[in-house]
Number of protein chains: 2
Amino acid sequence: MKLIKRDTDYAVRALCYFANQKKRVVNSDELVKRLKMPRPYMRKILQQLGRSGMLLSVKGQAGGFILSRSLDHINLSDLINLFQGPTQLSDHLLKKKPCPELKNCRLKKKLDRIENLIVSVLKSTKISSLLK
Amino acid sequence: MKLIKRDTDYAVRALCYFANQKKRVVNSDELVKRLKMPRPYMRKILQQLGRSGMLLSVKGQAGGFILSRSLDHINLSDLINLFQGPTQLSDHLLKKKPCPELKNCRLKKKLDRIENLIVSVLKSTKISSLLK
DNA sequence: ACAAATGATACTAATCAGGTATCATTAATA
DNA sequence: TATTAATGATACCTGATTAGTATCATTTGT
Ligand code: FES
Ligand code: FES
């Protein structure tokens with residue numbers, strides 16, 4: 001089972017590329033060529049990073065994207081949340097319905113604690129620490 | 001995104017039920033009634049637990065399953081491995097092919113370290129600690 | 001012999017991941 | 001100001017994975 005999906009993975013690599021280009025505006029074509037990713041998919045990812053505020057987009061000819069903040073301020077959990085939704089260790093369902101005892105289920109509570117531990121590992125991993 | 005799929009989740013609950021029944025042989029009908037899970041699905045899960053050696057199956061009339069070892073000796077990572085395959089933070093692919101620089105990619109190395117951390121959290125969580 | 005259990009395995013349905021395609025909008029530039 | 005080269009928004013498609021079913025053979029207590 002994968003914890004990080006393709007889009008999150010690509011996003012990490014893209015952000016690292018931006019960081020290495022300093023404040024230069026980089027367009028999606030360049031990224032796609034350098035990182036060898038499928039163009040429309042990468043575009044979608046960049047748009048999401050833009051909407052989320054991690055990238056700043058420059059429209060029109062000669063446009064592209066720039067990092068809008070230091071990678072010190074973005075962590076793995078942020079990206080996972082953006083692309084994969086909130087990390088849930090277990091939803092603890094029964095036949096698609098929430099289990100009736102959910103409120104006071106000790107098992108669920110325990111699993112939630114473990115989940116918090118894992119999320120805190122992901123939160124403490126700044127993207128800047130992944131740079132070359 | 002869920003880290004624990006339905007089958008793993010059900011398996012945990014089933015194992016806990018067995019543990020509370022001590023050394024009694026419990027059949028799948030009883031489990032299904034108590035835990036309110038879909039019968040054929042639960043049967044499949046029990047069979048997998050049987051094959052893996054965590055449960056001991058008793059065939060024939062009046063048959064069923066018993067725990068074959070203490071829940072102290074089964075951890076969350078074991079179950080995740082059994083039902084969901086090995087935990088991989090990221091496969092770090094490019095268009096379905098392994099990225100050529102994979103061998104000496106610092107990003108991949110970093111992600112692997114984080115993965116080990118998470119797996120060690122899961123490994124250190126004994127199923128016995130999830131009992132009521 | 002029969003009933004009541006598991007074993008093995010093939011099949012199906014629903015959901016999600018990964019990606020495409022299209023058209024509108026924006027802005028530099030010739 | 002018309003063209004061109006970029007992004008914005010969004011709908012669609014396809015394959016893989018998850019979740020669950022169905023069937024039949026085998027084992028064993030009564
Ligand atoms: S088993 Fe029902 S909420 Fe945990
Ligand atoms: S980016 Fe290619 S192996 Fe990491």
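Just so you know, these numbers use all the heavy atoms, side chains as well, and skip hydrogens, waters and symmetry mates. Chain naming here is simple, since letters A, B, ... match the order of the sequence lines and numbering starts at 1 in each. Please read these numbers as outputs of a predicted model, since none were measured by experiment.
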[N] [atom2] sits how many Å from [X] [atom1], rounded?
| X | N | atom1 | atom2 | answer |
| --- | --- | --- | --- | --- |
| A:R6 | D:dG15 | CZ | C1' | 13 Å |
| B:R39 | C:dT6 | CZ | P | 7 Å |
| B:I66 | C:dA5 | CD1 | P | 15 Å |
| B:I45 | C:dG7 | CD1 | P | 14 Å |
| A:K5 | D:dG15 | NZ | P | 19 Å |
| A:M1 | C:dA17 | CE | C1' | 15 Å |
| A:Y41 | C:dA21 | OH | C1' | 16 Å |
| A:K36 | C:dG19 | NZ | P | 16 Å |

TODO: Give the nucleotide from the list D:dG20, C:dT6, D:dG8 with an atom nearest to the side chain of B:S57.
DONE: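 Looking only at heavy atoms from C-beta outward on B:S57, the closest nucleotide is C:dT6.
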Open item on the list: Less than 4.0 angstrom between a side-chain N/O of A:K2 and OP1 or OP2 of D:dT18, yes or no?
Closed with: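 Negative; the distance criterion is not met.
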Open item on the list: With a 4.0 Å cutoff (strictly under), does any side-chain N or O of B:R51 reach OP1 or OP2 of C:dT6?
Closed with: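 Answer is no, no contact under 4.0 Å.
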Open item on the list: Going by salt bridge (Lys or Arg N to Asp or Glu O under 4.0 Å), name the pairs with one or both residues in residues 112-124 of chain A, residues two or more places apart or in two chains.
Closed with: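 Only A:K108-A:D112 qualify under salt bridge (Lys or Arg N to Asp or Glu O under 4.0 Å).
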Given 3.5 Å as the limit, does a donor-acceptor pair link the side chain of [X] with the main chain of [Y], or not?
| X | Y | value |
| --- | --- | --- |
| B:D78 | B:I74 | no |
| B:R43 | B:S28 | no |
| B:T125 | B:L76 | no |
| A:R106 | B:L131 | yes |
| A:S68 | A:M54 | yes |

[X] side chain near [Y] side chain, heavy-atom distance below 4.5 Å:
| X | Y | value |
| --- | --- | --- |
| A:F18 | A:L71 | no |
| B:Q84 | B:L3 | no |
| B:L117 | B:V121 | no |

Task: B/S/- contact track for nucleotides 22-27 of chain D, protein heavy atom under 4.0 Å - done: -----B
TODO: Please list, by residue number, the residues of residues 73-84 of chain B whose heavy atoms come closer than 4.0 Å to an atom of DNA chain C; answer none if no residue qualifies.
DONE: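 Correct list: empty, so none.
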- [ ] Using ring-ring contact (aromatic ring centres under 6.0 Å, His included) as the criterion, list what pairs up with B:Y41, not counting sequence neighbours.
- [x]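 Expected list: B:Y10.
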TODO: Can you sort out which residues in residues 19-31 of chain B have a heavy atom within less than 4.0 Å of DNA chain D? Ascending by number, please.
DONE: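 None, since no heavy atom is under 4.0 Å.
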Open item on the list: Strictly by side chain to side chain donor-acceptor pair (under 3.5 Å), give each pair with a member in residues 44-66 of chain B just once, sequence neighbours left out.
Closed with: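 Every candidate side chain to side chain donor-acceptor pair (under 3.5 Å) pair involving residues 44-66 of chain B fails, so no pair, neighbours aside, qualifies.
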